Amino acid sequence: MEKDNANKSNKLLGVDGKPTNTRHRNLFEEEVILTEKQKMRQELETNKDKMMDLIKAMSPVDIFLLFDEDDSGLISFEEFRKMLPFLNIHISDAKAYRYFRMCDTDGSGEIDIDEFKVALFACDPTSGNPVGFHPSNFITPMDTFEMMDEDHSRYATEYIGVEITDEKLEKYFHKYDYNYAGLLDYFEFCDIFIELGDVRKQLELRKVDVPSFVRKKTLRLMLLDLLVEEERKERRALVCACTCSRLFCLRSVPYT
């Protein structure tokens, strides 16, 4: 009798009150308890405005950890690109990729926390870079040249906003290959960028008051001066960021 009672007690009862071998699933058996970081990652998708305000008060380290979605200790380009709008940095994929490559000093395709700090310092004037540089969404010759360097010439011309045949592209290549090296350096490519692009539109996007009647050559010189100044500030910001990083000046202080 005791043995029968023991066997009976080990059996689970079904909804009809009869013994069953089917174990009932606990209502909370598969409950997933999210960490604070995981909750914030969910809110990146559902409440962008709230998260932008929160991120402004976060340290570079905390921002890095939040967007390191696979918790690898490194940030990929996709994670980096996803992060930028939350920092109120709105730039093209071409420019984002170029900044990422500049910060990825070992060429691994991922950036660590120190390289990430350099990126923040260089791209946001409120974080302390002394030249007031803030990356714009305007396409520059350097952005498109990086694509050419990666053998994406067709993609580069699309970013300039020019539809061009392969034959015409080949023609320009030979025209501006001044030293007949079979390769375009940056300065040669810059001449192509200015000739092919809509110079007036590029100036107007940069809030330049363009006269109605002016020679195209003059417009090109005006644009060239602006591009040189933009890239000069960009280089200064990056150099300063790298220098401060080496001197351990980039501490975990609030982002703002």
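For the numbers below, each heavy atom of this structure counts, side chains included, while hydrogens, waters and symmetry mates do not. If you're wondering where the values come from, they're calculated on a predicted model, not measured in any experiment.
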What verdict does the side-chain contact (heavy atoms from CB on, under 4.5 Å) test give for Phe193 and Leu227, after you've listed the backbone C-alpha separation in whole Å, the side-chain angles of each residue and the deciding distance to 0.1 Å? CA-CA 11 Å; Phe193 178 94; Leu227 294 174; 4.2 Å; yes
What do the steps show when you test Leu221 against Lys216 for side-chain contact (heavy atoms from CB on, under 4.5 Å), and what is the final call? CA-CA 9 Å; Leu221 290 173; Lys216 193 169 184 178; over 6 Å; no
Leu66 and Met51: side-chain contact (heavy atoms from CB on, under 4.5 Å), yes or no, with the steps? CA-CA 11 Å; Leu66 177 62; Met51 288 306 301; 4.2 Å; yes
Using the ring pair (Phe, Tyr, Trp, His ring centres under 6.0 Å) rule, take Phe80 and Phe116 through it: C-alpha gap first, then chi angles, then the decisive distance, then the call. CA-CA 9 Å; Phe80 179 76; Phe116 178 75; 7.3 Å; no
Begin with the C-alpha distance, continue with both residues' side-chain angles, and end with the deciding distance and a verdict on side-chain contact (heavy atoms from CB on, under 4.5 Å) for Ile55 and Leu44. CA-CA 10 Å; Ile55 288 170; Leu44 290 173; 4.2 Å; yes
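Residue Phe64 is grouped with residue Leu87 when hydrophobic side chains (ILVMFWY) are merged at heavy-atom distances under 4.5 angstrom, including chains of intermediate members. In terms of hydrophobic clustering, with Ile, Leu, Val, Met, Phe, Trp and Tyr side chains grouped at heavy-atom distances under 4.5 Å, Leu54 and Val61 are assigned to a common cluster. Linking ILVMFWY residues whenever their side-chain heavy atoms come closer than 4.5 Å, directly or via other members, places Met102 and Tyr97 in the same cluster.
With values rounded to the nearest 0.5 angstrom, Met40 atom CE is found 10.5 Å from Thr35 atom OG1. Here the CD atom belonging to Glu43 is positioned 13.5 Å from the CD atom belonging to Gln38, to the nearest 0.5 angstrom. Taken from CE in Met222 to CZ in Arg206, the straight-line distance is 12.0 Å, to the nearest 0.5 Å. The CG atom of Asp191 sits 10.5 Å away from atom CG of Leu196, with the distance rounded to the nearest 0.5 Å. Phe100 contributes atom CZ, which lies 6.5 Å from atom OG of Ser76 (distance to the nearest 0.5 angstrom). Rounded to the nearest 0.5 Å, atoms CD (Glu36) and NZ (Lys39) are 5.5 Å apart.
The pair Asp71-Lys37 counts as a salt bridge, with a side-chain nitrogen and a carboxylate oxygen less than 4.0 angstrom apart. A salt bridge does not link Glu234 to Lys95: none of the charged side-chain nitrogens sits closer than 4.0 Å to a carboxylate oxygen. Salt bridge Arg41/Glu69: absent, no basic N to carboxylate O contact under 4.0 Å. Between Glu204 and Lys201 there is no salt bridge, since none of the side-chain N atoms of the basic residue sits less than 4.0 Å from a carboxylate O of the acidic one. Between Lys82 and Glu45, at least one side-chain N (NZ, or NE/NH1/NH2) sits under 4.0 Å from a carboxylate O, which counts as a salt bridge.
Glu115 and Thr105 are linked by a side-chain donor-acceptor pair at a separation below 3.5 angstrom, with hydrogens and angles left out of the test. Inspection of the Glu188 and Tyr172 side chains reveals no N or O donor paired with an N or O acceptor under 3.5 Å. Looking at Tyr178 and Asp185, their side chains never bring a donor and an acceptor atom within 3.5 Å of each other.
Counting all heavy atoms, side chain and backbone alike, Lys48 lies closest to Pro85 at NZ-CB, 3.9 Å. Between Ile63 and Met83 the shortest heavy-atom distance is CG2-SD, 4.1 Å. Among all heavy-atom pairs drawn from Ile113 and Pro60, the shortest one is CD1-O, 4.1 Å. Of all heavy-atom pairs spanning Asp68 and Gly73, the tightest one is OD2-N, 2.7 Å.
No side-chain heavy atom of Ile75 sits under 4.5 Å from any side-chain heavy atom of Glu110. Looking at heavy atoms from C-beta onward, Glu231 lies in side-chain contact with Tyr186 at the 4.5 angstrom threshold. The closest side-chain heavy-atom distance from Val228 to Leu224 is below 4.5 Å. Considering only heavy atoms from C-beta on, Asp70 comes within 4.5 Å of Glu79 through its side chain. Residues Thr140 and Arg98 are in side-chain contact: their nearest non-hydrogen atoms beyond the backbone lie under 4.5 Å apart. Between Leu184 and Asp177 there is a side-chain heavy-atom pair separated by less than 4.5 Å. Annotation: side chain of Gln42 is not in contact with side chain of Asn47 (no heavy-atom distance under 4.5 Å). Counting only heavy atoms from C-beta outward, the side chains of Leu226 and Leu203 approach each other to under 4.5 Å.
Taking the six-membered ring where tryptophan is involved, the planes of Phe86 and Phe67 are tilted, since the angle between them lies from 30° to 60°.
Residue Lys171 places its NZ atom among 12 or fewer non-hydrogen atoms of other residues, nucleotides or ligands, all under 6.0 Å distant.
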